[in-house]
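It should be emphasised that the depicted structure is a prediction, and the values quoted were computed from it without experimental measurement.
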Amino acid sequence: MKILLADDEPIVRRGLKQMIKNLNFSFDAVLEAATGGEVIALTGRYRPEIILLDVKMPGLDGIAAAQKIKQVNPQTRIIFLTAYARFDYARAAVRCGAKDYLVKPVHPDELKRAIGACLEELSAVRPSAAGPDVGLTRPRQLVKSAAAYILQNYMKPLTLEEVARQVHLSPAYFSYLFRREQGRTFTDYLTATRLDKAKELLRTDPALSISEVAGQVGYEDANYFSRLFKKKTGLTPARYRKRNQV
């Protein structure tokens, strides 16, 4: 198993190399490239299974390099690195079939999750079964898993970062994928899930106070819950209950 570290800053490559060593990943070779051209050449020669690829590189940038890499070896797992959490970079990363999108300086936990997810996928998918649509189906599966996790844990103080960890993605990349697949942001999805559950409780359990309903769907502040409920539904929780109680 080989990994390629592609960044035009030597100090970044050294840091990533040391981080990989500290995280106890065992690669047969850790290759380094400083330009997009070097990335293409080393990929063609050594066929690394995983590439950590900086978006901004001299000459051929990371996005263009990734496109060429995927044409030659579509099974290569690419993790993009960038100094900016920009929407357009995340979108381009998805189109290239990237497995993650990490913002520099990279935190060891984020790197561990990203590389670990690639290794799990490489070990689980046989070369003969890994078709060209793998890069498209995996993000969809991860978002479905995230949505299921939200449904099971909406009553807890969930954060985007926590759910991203559950599916082994960086927060920035997960945020983009979730919005692309669900058609709304993580926050909007979580809010809608909680309010749907609140409506159900208001309709079916008259013994619960508004404050208790709020607590059961993840809101500690009953006043905030009431304001949010009215904003989204046009009715206060009490009036909604009166109109819709079973």
Student: Mark yes when over 12 heavy atoms from residues, nucleotides or ligands other than Arg239 sit less than 6.0 Å from its CZ; otherwise mark no.
Tutor: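 No - once you tally the heavy atoms of other residues, nucleotides and ligands closer than 6.0 Å, there are 12 at most.
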Student: Of all residues at least two apart in sequence or in a different chain, which pass the salt bridge (charged side-chain N to carboxylate O under 4.0 Å, His left out) check with Glu110?
Tutor: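 Salt bridge (charged side-chain N to carboxylate O under 4.0 Å, His left out) check on Glu110 returns Arg113.
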Student: Count I, L, V, M, F, W, Y as connected when their side-chain heavy atoms are under 4.5 Å apart, and connections chain through other members. Are Leu42 and Val72 then in the same cluster?
Tutor: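 Different hydrophobic clusters.
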Student: Could you work out, with ring pair (Phe, Tyr, Trp, His ring centres under 6.0 Å) as the rule, every residue matching Phe27, not counting sequence neighbours?
Tutor: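 Expected list: none.
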Student: Please find the pair of heavy atoms, one from Met19 and one from Val106, that lie closest to each other, and give the distance.
Tutor: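 Where Met19 meets Val106 most closely, the heavy atoms are CE-O, 3.5 Å.
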Student: With side chain to side chain contact (heavy atoms under 4.5 Å, CB included) as the criterion, how do Ile210 and Arg241 come out once you've worked through the C-alpha distance, each side chain's angles and the decisive distance to 0.1 Å?
Tutor: CA-CA 10 Å; Ile210 301 302; Arg241 167 177 273 169; 4.2 Å; yes
Student: Please name all residues satisfying side-chain contact (heavy atoms from CB on, under 4.5 Å) with Arg45, sequence neighbours left out, ordered by chain then number.
Tutor: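 Testing Arg45 for side-chain contact (heavy atoms from CB on, under 4.5 Å), a comparison that skips the adjacent residues, returns none.
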Student: Sequence neighbours left out, what pairs pass salt bridge (charged side-chain N to carboxylate O under 4.0 Å, His left out) with at least one residue falling in residues 212-231?
Tutor: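 Residue pairs passing salt bridge (charged side-chain N to carboxylate O under 4.0 Å, His left out), neighbours aside: none found.
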Student: Report yes if the side chains of Val39 and Met57 come closer than 4.5 Å at any heavy-atom pair, otherwise no.
Tutor: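 Side chain of Val39 against side chain of Met57, heavy atoms only: contact under 4.5 Å found.
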Student: Hydrophobic cluster membership, with links at side-chain heavy-atom distances under 4.5 Å among I/L/V/M/F/W/Y: are Met155 and Tyr224 in one?
Tutor: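 Per the 4.5 Å side-chain linkage, Met155 and Tyr224 are co-clustered.
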Student: In chain order, what residues pass the side chain to side chain donor-acceptor pair (under 3.5 Å) check against Asp8, with sequence neighbours excluded?
Tutor: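 Checked Asp8 against side chain to side chain donor-acceptor pair (under 3.5 Å); zero matches.
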Student: Are any of the side-chain heavy atoms of Thr193 and Leu151 separated by less than 4.5 Å?
Tutor: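 Yes, at least one pair of side-chain atoms sits under 4.5 Å.
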Student: Side-chain donor-acceptor pairs under 3.5 Å in residues 166-175, sequence neighbours left out?
Tutor:
{"unit_1": "Ser170", "atom_1": "OG", "unit_2": "Asp100", "atom_2": "OD1", "d": "2.9"}
{"unit_1": "Ser170", "atom_1": "OG", "unit_2": "Tyr101", "atom_2": "O", "d": "2.5"}
{"unit_1": "Ser170", "atom_1": "OG", "unit_2": "Tyr173", "atom_2": "N", "d": "3.4"}
{"unit_1": "Tyr173", "atom_1": "OH", "unit_2": "Ala98", "atom_2": "O", "d": "2.6"}

Student: Looking at side-chain heavy atoms only, is the closest gap between Phe80 and Ile63 below 4.5 Å?
Tutor: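 Phe80 reaches Ile63 side chain to side chain.
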Student: Using side-chain contact (heavy atoms from CB on, under 4.5 Å) as the criterion, list what pairs up with Ala29, not counting sequence neighbours.
Tutor: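 Residues passing side-chain contact (heavy atoms from CB on, under 4.5 Å) with Ala29: Lys2, Leu31.
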Student: Please name the pair of heavy atoms, one in Pro108 and one in Leu23, separated by the smallest distance, quoted to 0.1 Å.
Tutor: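 Smallest heavy-atom distance, with atoms named: O-CD1, 3.7 Å.
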Student: Can you list every side chain to side chain donor-acceptor pair (under 3.5 Å) pair that touches residues 144-158, not counting sequence neighbours?
Tutor: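 Qualifying pairs, neighbours excluded: Tyr149-Glu162, Asn153-Lys156.
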Student: Out of Ile51, Ile50, Val55, which one pairs with Leu53 under the side-chain contact (heavy atoms from CB on, under 4.5 Å) rule?
Tutor: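 So, applying the side-chain contact (heavy atoms from CB on, under 4.5 Å) to Leu53 and each of Ile51, Ile50, Val55, only Ile51 qualifies.
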Student: Please identify each residue that fulfils side chain to side chain donor-acceptor pair (under 3.5 Å) with Asp188, with sequence neighbours left out.
Tutor: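 Asp188 satisfies side chain to side chain donor-acceptor pair (under 3.5 Å) with Thr185 only.
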Student: Could you measure the distance from the CD atom of Gln216 to the CG atom of Leu208? Nearest 0.5 Å is fine.
Tutor: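 Those atoms lie 5.0 Å apart.
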Student: Taking Glu9's backbone N and O only, do any of them form a donor-acceptor pair with Arg14's side chain (distance below 3.5 Å, no angle check)?
Tutor: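 No: the side chain of Arg14 does not pair with the backbone of Glu9.
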Student: If you round to the nearest 0.5 Å, how far is CZ of Arg13 from CG of Leu4?
Tutor: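 Between atom CG of Leu4 and atom CZ of Arg13 there are 10.0 Å.
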Student: Please find the pair of heavy atoms, one from Ser211 and one from Ala222, that lie closest to each other, and give the distance.
Tutor: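 Looking at all heavy atoms of both residues, the shortest contact is CA-CB, 3.9 Å.
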Student: Could you grab the distance from atom CD1 of Ile115 to atom CD1 of Ile20, nearest 0.5 Å is fine?
Tutor: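 Output value for this atom pair is 4.5 Å.
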Student: Could you tell me which non-hydrogen atom of Cys118 sits nearest to which non-hydrogen atom of Arg77, and how far apart they are?
Tutor: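 Distance-wise, the nearest heavy atoms are SG-CB, 3.7 Å.
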Student: Under the salt bridge (charged side-chain N to carboxylate O under 4.0 Å, His left out) definition, can you give me all pairs with a residue in residues 47-63, not counting sequence neighbours?
Tutor: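 Checked against salt bridge (charged side-chain N to carboxylate O under 4.0 Å, His left out) - neighbours excluded - the pairs reaching residues 47-63 are Asp54-Lys104.
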Student: Report yes if the side chains of Phe178 and Ile150 come closer than 4.5 Å at any heavy-atom pair, otherwise no.
Tutor: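 Yes. Closest side-chain heavy atoms under 4.5 Å.
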Student: Quick one, Leu111 and Leu52 - any side-chain contact, counting heavy atoms below 4.5 Å?
Tutor: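 Answer yes - side chains close enough.
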Student: Determine the minimum heavy-atom distance between Gly37 and Leu60, stating which atoms define it.
Tutor: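 Of all heavy-atom pairs spanning Gly37 and Leu60, the closest is N-CB, 4.3 Å.
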Student: Is the shortest side-chain heavy-atom distance between Leu202 and Phe229 below 4.5 Å?
Tutor: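 Yes, side chains in contact.
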Student: Sequence neighbours left out, what passes salt bridge (charged side-chain N to carboxylate O under 4.0 Å, His left out) with Arg179? Give chain and number order.
Tutor: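 With sequence neighbours excluded, Arg179 shows a salt bridge (charged side-chain N to carboxylate O under 4.0 Å, His left out) to no residue whatsoever.
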Student: So, do Lys197 and Leu201 sit near enough that their side-chain heavy atoms are less than 4.5 Å apart?
Tutor: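 SC-SC contact between Lys197 and Leu201 ruled out.
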Student: Just by modelled atom types, is the Val217 backbone N or O under 3.5 Å from a matching donor or acceptor in the Arg194 side chain?
Tutor: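 Yes, Arg194 side chain to Val217 backbone: donor-acceptor pair under 3.5 Å.
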Student: So Leu119 and Met1, side chain to side chain contact (heavy atoms under 4.5 Å, CB included) or not? Walk me through it.
Tutor: CA-CA 9 Å; Leu119 291 173; Met1 191 76 70; 4.1 Å; yes
Student: Over all heavy atoms of both residues, which pair between Thr76 and Lys70 is shortest? Give the atoms and the distance, please.
Tutor: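 Looking at all heavy atoms of both residues, the closest pair is O-NZ, 2.5 Å.
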Student: Who are the side-chain contact (heavy atoms from CB on, under 4.5 Å) partners of Gln18, not counting sequence neighbours?
Tutor: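 Result, side-chain contact (heavy atoms from CB on, under 4.5 Å) vs Gln18: Lys21, Asn22.
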Student: Only one of Ile3, Ile11, Leu5 passes side-chain contact (heavy atoms from CB on, under 4.5 Å) with Leu16; say which it is.
Tutor: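 The passing option is Leu5.
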Student: Quick one: does Lys112's side chain have a donor or acceptor within less than 3.5 Å of a partner on His107's backbone?
Tutor: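 No, because the side chain of Lys112 does not come within donor-acceptor range (under 3.5 Å) of the backbone of His107.
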Student: Hey, what do you get for CD1 (Ile78) to CD1 (Ile69), rounding to the nearest 0.5 Å?
Tutor: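 CD1 of Ile69 is found 4.5 Å from CD1 of Ile78.
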